[in-house]
There are 2 protein chains.
Amino acid sequence: MKQLKFSQHLCFPIYALSRLITSHYQPLLGELDLTYPQYLVMLLLWEHTSMNVKTLGETLMLDSGTLTPLLKRLEAKKLIKRVRSKEDERVVNIQLTAQGTALQQQAGEIPLRLADSLGITAAEAQELRDAITPLLYRLKPALRG
Amino acid sequence: MKQLKFSQHLCFPIYALSRLITSHYQPLLGELDLTYPQYLVMLLLWEHTSMNVKTLGETLMLDSGTLTPLLKRLEAKKLIKRVRSKEDERVVNIQLTAQGTALQQQAGEIPLRLADSLGITAAEAQELRDAITPLLYRLKPALRG
DNA sequence: TAAAATTAAATTGTGTACAATATATTTCCA
DNA sequence: TGGAAATATATTGTACACAATTTAATTTTA
(Lines give C-alpha, C1' and ligand atoms only; values in the text may rest on other atoms or scores of the structure.)
Protein backbone atom coordinates (compact mmCIF):
# COMPACT_ATOMS: atom_id res chain seq x y z
CA MET A 1 0.00 0.00 0.00
CA LYS A 2 1.25 3.43 -0.98
CA GLN A 3 2.04 5.59 2.04
CA LEU A 4 0.11 8.84 2.29
CA LYS A 5 2.32 11.87 2.03
CA PHE A 6 2.65 14.01 5.09
CA SER A 7 0.73 16.86 3.47
CA GLN A 8 -2.20 14.54 2.75
CA HIS A 9 -2.86 13.85 6.40
CA LEU A 10 -5.87 15.57 7.87
CA CYS A 11 -4.50 15.62 11.32
CA PHE A 12 -1.59 17.98 11.02
CA PRO A 13 -3.37 21.18 9.87
CA ILE A 14 -5.84 21.00 12.74
CA TYR A 15 -3.13 20.26 15.27
CA ALA A 16 -0.94 23.10 14.00
CA LEU A 17 -3.82 25.56 13.63
CA SER A 18 -4.93 24.92 17.19
CA ARG A 19 -1.46 25.67 18.51
CA LEU A 20 -1.10 28.71 16.26
CA ILE A 21 -4.35 30.20 17.53
CA THR A 22 -3.33 29.53 21.12
CA SER A 23 -0.03 31.32 20.49
CA HIS A 24 -1.98 34.38 19.33
CA TYR A 25 -4.02 34.32 22.53
CA GLN A 26 -0.94 34.15 24.70
CA PRO A 27 0.15 37.82 24.70
CA LEU A 28 -3.47 38.97 25.19
CA LEU A 29 -4.12 36.52 28.01
CA GLY A 30 -0.75 37.30 29.53
CA GLU A 31 -2.13 40.73 30.39
CA LEU A 32 -4.71 38.93 32.57
CA ASP A 33 -2.16 36.40 33.86
CA LEU A 34 -4.20 33.55 32.33
CA THR A 35 -3.26 30.63 30.14
CA TYR A 36 -5.56 29.62 27.32
CA PRO A 37 -7.16 26.65 29.13
CA GLN A 38 -7.56 28.83 32.23
CA TYR A 39 -9.29 31.43 30.05
CA LEU A 40 -11.73 28.80 28.77
CA VAL A 41 -12.63 27.93 32.36
CA MET A 42 -13.12 31.60 33.22
CA LEU A 43 -15.35 32.11 30.14
CA LEU A 44 -17.61 29.31 31.35
CA LEU A 45 -17.73 30.64 34.89
CA TRP A 46 -18.51 34.17 33.69
CA GLU A 47 -21.45 32.68 31.79
CA HIS A 48 -22.68 30.22 34.41
CA THR A 49 -21.43 31.65 37.71
CA SER A 50 -20.83 28.20 39.21
CA MET A 51 -20.00 24.82 37.70
CA ASN A 52 -18.65 21.61 39.17
CA VAL A 53 -15.51 19.86 37.97
CA LYS A 54 -17.40 17.17 36.09
CA THR A 55 -19.50 19.66 34.12
CA LEU A 56 -16.45 21.77 33.32
CA GLY A 57 -14.71 18.61 32.14
CA GLU A 58 -17.60 17.55 29.94
CA THR A 59 -17.90 20.99 28.37
CA LEU A 60 -14.18 21.44 27.77
CA MET A 61 -13.54 17.76 27.09
CA LEU A 62 -10.87 17.68 29.79
CA ASP A 63 -10.51 15.20 32.62
CA SER A 64 -9.78 15.75 36.30
CA GLY A 65 -6.12 15.00 35.71
CA THR A 66 -5.94 18.23 33.74
CA LEU A 67 -8.57 20.24 35.58
CA THR A 68 -7.63 19.63 39.20
CA PRO A 69 -4.18 21.25 39.01
CA LEU A 70 -5.45 23.98 36.66
CA LEU A 71 -8.24 24.88 39.07
CA LYS A 72 -5.79 24.89 41.97
CA ARG A 73 -3.73 27.47 40.07
CA LEU A 74 -6.81 29.63 39.47
CA GLU A 75 -7.59 29.31 43.17
CA ALA A 76 -4.03 30.32 44.08
CA LYS A 77 -4.57 33.44 41.95
CA LYS A 78 -7.76 34.08 43.97
CA LEU A 79 -9.98 34.06 40.88
CA ILE A 80 -12.09 31.07 41.98
CA LYS A 81 -13.02 29.07 45.03
CA ARG A 82 -13.23 25.28 45.13
CA VAL A 83 -16.09 24.27 47.41
CA ARG A 84 -17.06 20.69 48.14
CA SER A 85 -20.80 20.21 47.72
CA LYS A 86 -22.88 19.62 50.86
CA GLU A 87 -25.50 17.53 49.03
CA ASP A 88 -22.93 15.21 47.45
CA GLU A 89 -19.52 15.25 49.00
CA ARG A 90 -17.93 13.76 45.89
CA VAL A 91 -18.67 16.95 43.94
CA VAL A 92 -16.49 20.07 43.94
CA ASN A 93 -18.21 23.29 42.88
CA ILE A 94 -16.14 26.02 41.31
CA GLN A 95 -17.25 29.55 42.17
CA LEU A 96 -15.99 32.92 41.04
CA THR A 97 -14.46 35.25 43.61
CA ALA A 98 -15.10 38.98 43.37
CA GLN A 99 -11.69 39.26 41.75
CA GLY A 100 -12.58 36.53 39.25
CA THR A 101 -15.85 38.26 38.41
CA ALA A 102 -14.10 41.60 38.00
CA LEU A 103 -11.63 40.15 35.53
CA GLN A 104 -14.42 39.80 32.97
CA GLN A 105 -14.21 43.54 32.30
CA GLN A 106 -10.61 43.29 31.20
CA ALA A 107 -11.37 40.26 29.02
CA GLY A 108 -14.10 41.87 26.92
CA GLU A 109 -11.87 43.03 24.11
CA ILE A 110 -9.97 39.80 23.70
CA PRO A 111 -12.07 38.21 20.91
CA LEU A 112 -11.78 41.24 18.65
CA ARG A 113 -8.13 41.71 19.41
CA LEU A 114 -7.53 38.03 18.68
CA ALA A 115 -9.22 38.21 15.27
CA ASP A 116 -7.11 41.26 14.54
CA SER A 117 -3.97 39.44 15.61
CA LEU A 118 -4.84 36.48 13.39
CA GLY A 119 -5.65 38.75 10.48
CA ILE A 120 -9.06 37.24 9.78
CA THR A 121 -12.47 38.84 9.62
CA ALA A 122 -15.35 37.94 11.91
CA ALA A 123 -17.09 36.39 8.90
CA GLU A 124 -14.15 34.13 8.17
CA ALA A 125 -13.94 33.09 11.78
CA GLN A 126 -17.63 32.24 11.83
CA GLU A 127 -17.33 30.27 8.59
CA LEU A 128 -14.56 28.17 10.05
CA ARG A 129 -16.40 27.66 13.32
CA ASP A 130 -19.52 26.58 11.44
CA ALA A 131 -17.45 24.04 9.50
CA ILE A 132 -15.81 22.58 12.56
CA THR A 133 -18.36 22.70 15.37
CA PRO A 134 -20.85 20.16 14.00
CA LEU A 135 -18.01 17.79 13.20
CA LEU A 136 -16.64 18.12 16.71
CA TYR A 137 -19.89 17.03 18.28
CA ARG A 138 -20.62 14.36 15.67
CA LEU A 139 -17.34 12.48 16.03
CA LYS A 140 -17.38 9.52 18.29
CA PRO A 141 -15.26 9.75 21.42
CA ALA A 142 -12.16 7.60 21.14
CA LEU A 143 -12.33 4.13 22.60
CA ARG A 144 -9.86 3.59 25.37
CA GLY A 145 -7.34 0.87 24.85
CA MET B 1 -19.40 45.66 25.83
CA LYS B 2 -21.42 42.48 25.76
CA GLN B 3 -19.30 39.44 26.50
CA LEU B 4 -19.23 36.77 23.80
CA LYS B 5 -20.77 33.52 24.95
CA PHE B 6 -18.47 30.58 25.28
CA SER B 7 -20.06 28.83 22.31
CA GLN B 8 -19.39 31.86 20.12
CA HIS B 9 -15.65 31.60 20.48
CA LEU B 10 -13.81 30.26 17.48
CA CYS B 11 -10.97 28.92 19.47
CA PHE B 12 -12.59 26.13 21.42
CA PRO B 13 -13.89 23.90 18.61
CA ILE B 14 -10.47 23.78 16.96
CA TYR B 15 -8.71 23.14 20.24
CA ALA B 16 -11.15 20.38 21.19
CA LEU B 17 -11.23 18.83 17.71
CA SER B 18 -7.45 18.64 17.62
CA ARG B 19 -7.37 16.79 20.92
CA LEU B 20 -10.25 14.52 19.90
CA ILE B 21 -8.49 13.49 16.71
CA THR B 22 -5.27 12.84 18.62
CA SER B 23 -7.19 10.65 21.05
CA HIS B 24 -8.42 8.56 18.12
CA TYR B 25 -4.84 8.13 16.92
CA GLN B 26 -3.66 6.98 20.30
CA PRO B 27 -4.78 3.32 20.26
CA LEU B 28 -3.56 2.91 16.66
CA LEU B 29 -0.20 4.52 17.36
CA GLY B 30 0.10 2.63 20.62
CA GLU B 31 0.53 -0.52 18.52
CA LEU B 32 3.68 1.09 17.11
CA ASP B 33 4.74 2.51 20.49
CA LEU B 34 4.53 6.06 19.07
CA THR B 35 2.87 9.21 20.33
CA TYR B 36 1.12 11.47 17.85
CA PRO B 37 3.92 14.07 17.57
CA GLN B 38 6.43 11.24 17.27
CA TYR B 39 4.31 9.80 14.44
CA LEU B 40 4.39 13.15 12.62
CA VAL B 41 8.20 13.13 12.80
CA MET B 42 8.31 9.58 11.48
CA LEU B 43 5.95 10.48 8.59
CA LEU B 44 8.33 13.24 7.54
CA LEU B 45 11.37 10.99 7.79
CA TRP B 46 9.68 8.22 5.79
CA GLU B 47 9.07 10.79 3.06
CA HIS B 48 12.43 12.59 3.17
CA THR B 49 14.83 10.00 4.65
CA SER B 50 16.83 12.67 6.49
CA MET B 51 15.97 16.07 7.92
CA ASN B 52 17.66 18.33 10.42
CA VAL B 53 16.04 19.64 13.60
CA LYS B 54 15.45 23.10 12.19
CA THR B 55 13.62 21.81 9.10
CA LEU B 56 11.55 19.42 11.19
CA GLY B 57 10.69 22.31 13.47
CA GLU B 58 9.65 24.59 10.61
CA THR B 59 7.50 21.91 9.02
CA LEU B 60 5.82 20.84 12.25
CA MET B 61 5.83 24.34 13.76
CA LEU B 62 7.60 23.04 16.86
CA ASP B 63 10.72 24.45 18.49
CA SER B 64 13.81 22.72 19.80
CA GLY B 65 12.40 22.79 23.32
CA THR B 66 9.79 20.30 22.13
CA LEU B 67 11.78 18.47 19.48
CA THR B 68 15.03 17.79 21.30
CA PRO B 69 13.51 15.59 24.02
CA LEU B 70 11.07 14.01 21.56
CA LEU B 71 13.92 13.07 19.21
CA LYS B 72 15.91 11.66 22.11
CA ARG B 73 12.98 9.38 22.89
CA LEU B 74 12.80 8.21 19.27
CA GLU B 75 16.54 7.60 19.41
CA ALA B 76 16.17 5.63 22.65
CA LYS B 77 13.63 3.46 20.81
CA LYS B 78 16.26 2.97 18.08
CA LEU B 79 14.00 4.37 15.36
CA ILE B 80 16.30 7.28 14.46
CA LYS B 81 19.88 8.47 14.81
CA ARG B 82 20.88 12.03 15.71
CA VAL B 83 24.04 12.90 13.81
CA ARG B 84 25.80 16.23 14.08
CA SER B 85 26.60 17.61 10.63
CA LYS B 86 30.26 17.68 9.57
CA GLU B 87 29.78 20.74 7.34
CA ASP B 88 28.06 22.79 10.06
CA GLU B 89 28.53 21.56 13.58
CA ARG B 90 25.50 23.49 14.81
CA VAL B 91 23.18 21.27 12.77
CA VAL B 92 21.87 17.89 13.90
CA ASN B 93 20.63 15.60 11.14
CA ILE B 94 17.96 13.06 11.95
CA GLN B 95 18.28 9.77 10.11
CA LEU B 96 16.10 6.68 10.09
CA THR B 97 17.56 3.44 11.39
CA ALA B 98 16.66 0.16 9.67
CA GLN B 99 14.13 -0.35 12.44
CA GLY B 100 12.68 3.12 11.85
CA THR B 101 12.41 2.45 8.13
CA ALA B 102 10.78 -0.92 8.72
CA LEU B 103 8.11 0.63 10.92
CA GLN B 104 6.59 2.29 7.86
CA GLN B 105 5.08 -1.05 6.84
CA GLN B 106 3.10 -1.27 10.07
CA ALA B 107 1.94 2.34 9.73
CA GLY B 108 0.40 2.06 6.27
CA GLU B 109 -3.11 1.29 7.43
CA ILE B 110 -3.31 4.01 10.04
CA PRO B 111 -4.95 6.77 7.92
CA LEU B 112 -7.81 4.52 6.84
CA ARG B 113 -8.25 3.06 10.29
CA LEU B 114 -8.27 6.58 11.74
CA ALA B 115 -11.00 7.77 9.36
CA ASP B 116 -12.98 4.67 10.31
CA SER B 117 -12.47 5.36 14.00
CA LEU B 118 -13.60 8.96 13.54
CA GLY B 119 -16.59 7.87 11.51
CA ILE B 120 -15.96 10.24 8.62
CA THR B 121 -15.52 9.56 4.92
CA ALA B 122 -12.35 10.37 2.99
CA ALA B 123 -14.30 13.06 1.15
CA GLU B 124 -15.30 14.75 4.41
CA ALA B 125 -11.75 14.60 5.67
CA GLN B 126 -10.47 16.21 2.50
CA GLU B 127 -13.15 18.91 2.65
CA LEU B 128 -12.12 19.84 6.15
CA ARG B 129 -8.42 19.75 5.30
CA ASP B 130 -9.03 22.01 2.30
CA ALA B 131 -10.87 24.47 4.53
CA ILE B 132 -8.16 24.58 7.15
CA THR B 133 -4.83 24.24 5.36
CA PRO B 134 -4.83 27.56 3.46
CA LEU B 135 -5.86 29.36 6.63
CA LEU B 136 -3.04 27.73 8.56
CA TYR B 137 -0.42 29.01 6.18
CA ARG B 138 -2.04 32.41 5.75
CA LEU B 139 -2.21 33.31 9.41
CA LYS B 140 0.57 35.41 10.73
CA PRO B 141 2.81 33.82 13.32
CA ALA B 142 2.14 35.24 16.77
CA LEU B 143 4.30 38.08 17.92
CA ARG B 144 6.31 37.26 20.98
CA GLY B 145 5.69 39.45 23.93
C1' DT C 1 -29.56 -3.49 54.38
C1' DA C 2 -24.90 -4.79 53.50
C1' DA C 3 -21.85 -5.82 49.80
C1' DA C 4 -21.00 -4.59 45.01
C1' DA C 5 -21.00 -1.33 41.51
C1' DT C 6 -20.80 3.31 40.17
C1' DT C 7 -19.43 7.95 40.43
C1' DA C 8 -16.50 12.37 41.25
C1' DA C 9 -12.09 14.08 42.22
C1' DA C 10 -7.48 13.61 43.16
C1' DT C 11 -3.00 11.53 42.37
C1' DT C 12 0.88 9.59 39.75
C1' DG C 13 3.68 9.26 35.85
C1' DT C 14 4.89 10.20 30.95
C1' DG C 15 5.09 13.23 27.16
C1' DT C 16 4.32 17.21 24.91
C1' DA C 17 4.33 22.68 24.20
C1' DC C 18 6.63 26.74 24.70
C1' DA C 19 8.99 30.97 26.83
C1' DA C 20 13.40 32.18 28.23
C1' DT C 21 18.01 31.40 28.46
C1' DA C 22 22.50 29.16 27.50
C1' DT C 23 26.05 27.25 24.54
C1' DA C 24 28.56 26.46 20.57
C1' DT C 25 29.36 27.44 15.85
C1' DT C 26 29.27 30.21 11.79
C1' DT C 27 28.74 34.42 9.24
C1' DC C 28 29.09 39.26 8.74
C1' DC C 29 31.52 43.34 8.34
C1' DA C 30 34.02 47.46 10.12
C1' DT D 1 40.85 39.54 10.48
C1' DG D 2 38.80 39.73 14.79
C1' DG D 3 34.85 40.97 17.39
C1' DA D 4 29.74 41.43 16.87
C1' DA D 5 25.62 39.47 15.16
C1' DA D 6 23.22 35.59 13.69
C1' DT D 7 22.16 30.75 13.75
C1' DA D 8 21.17 25.85 15.48
C1' DT D 9 20.46 23.17 19.15
C1' DA D 10 20.11 22.24 24.05
C1' DT D 11 18.52 23.32 28.71
C1' DT D 12 15.39 24.99 32.34
C1' DG D 13 11.05 25.82 34.20
C1' DT D 14 5.95 26.07 33.96
C1' DA D 15 1.64 24.32 32.42
C1' DC D 16 -1.09 21.47 30.11
C1' DA D 17 -3.03 16.57 28.41
C1' DC D 18 -4.15 12.16 29.42
C1' DA D 19 -3.77 7.09 30.83
C1' DA D 20 -4.00 4.57 34.89
C1' DT D 21 -4.83 4.19 39.53
C1' DT D 22 -6.57 5.60 44.08
C1' DT D 23 -9.79 7.42 47.43
C1' DA D 24 -14.04 8.63 49.17
C1' DA D 25 -18.92 9.02 48.68
C1' DT D 26 -23.23 7.50 46.72
C1' DT D 27 -26.31 4.33 44.45
C1' DT D 28 -27.73 -0.23 43.16
C1' DT D 29 -29.13 -4.61 44.00
C1' DA D 30 -28.98 -9.27 45.68
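These figures come from a predicted structure and were not determined experimentally. The sequence lines fix the lettering, A, B, ..., with proteins before strands; numbering per chain opens at 1.
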Side-chain N or O of [X] less than 4.0 angstrom from OP1 or OP2 on [N]?
| X | N | answer |
| --- | --- | --- |
| A:Y36 | C:dA17 | no |
| B:Q38 | C:dT16 | yes |
| B:Q26 | D:dA17 | no |

What's the [atom1]-[atom2] distance between [X] and [N], to the nearest Å?
| X | N | atom1 | atom2 | result |
| --- | --- | --- | --- | --- |
| B:M42 | C:dT16 | CE | P | 13 Å |
| A:E89 | C:dT6 | CD | P | 23 Å |
| B:L70 | C:dA17 | CG | P | 8 Å |
| A:L40 | D:dA17 | CG | C1' | 14 Å |
| B:F12 | D:dA17 | CZ | C1' | 14 Å |
| B:L29 | D:dA19 | CG | C1' | 15 Å |
| A:I94 | C:dA8 | CD1 | C1' | 12 Å |
| A:L17 | C:dA17 | CG | P | 15 Å |

With B:Y25, the side chain to side chain contact (heavy atoms under 4.5 Å, CB included) member among B:I110, B:T35, B:L34: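 Among the candidates, only B:I110 passes.
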Reading 5' to 3' through nucleotides 8-14 of chain D, protein heavy-atom contacts under 4.0 Å coded B for base, S for sugar-phosphate only, - for none: SSBB---
side-chain contact (heavy atoms from CB on, under 4.5 Å) partners of A:A16, counting only residues at least two apart: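 Listed in chain order: A:F12, A:R19, B:M61, B:L136.
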From CA spacing to verdict: side chain to side chain contact (heavy atoms under 4.5 Å, CB included), B:L96, B:T49: CA-CA 6 Å; B:L96 285 170; B:T49 308; 5.6 Å; no
A:E127 CD: over 12 foreign heavy atoms closer than 6.0 Å: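 Not buried by this count: 12 neighbours or fewer within 6.0 Å.
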Mutual orientation of the aromatic rings belonging to A:Y39 and A:W46 [parallel < 30°, tilted 30-60°, perpendicular > 60°]: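 Because their plane-to-plane angle is over 60°, the rings of A:Y39 and A:W46 count as perpendicular.
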Side-chain ion pair, A:E124 and B:R138, N-O less than 4.0 Å: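 A salt bridge links A:E124 with B:R138.
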Within residues 89-102 of chain A or reaching into it, pairs that qualify as side-chain hydrogen bond (donor to acceptor under 3.5 Å, both in side chains) - sequence neighbours excluded: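 Qualifying pairs: A:D88-A:R90.
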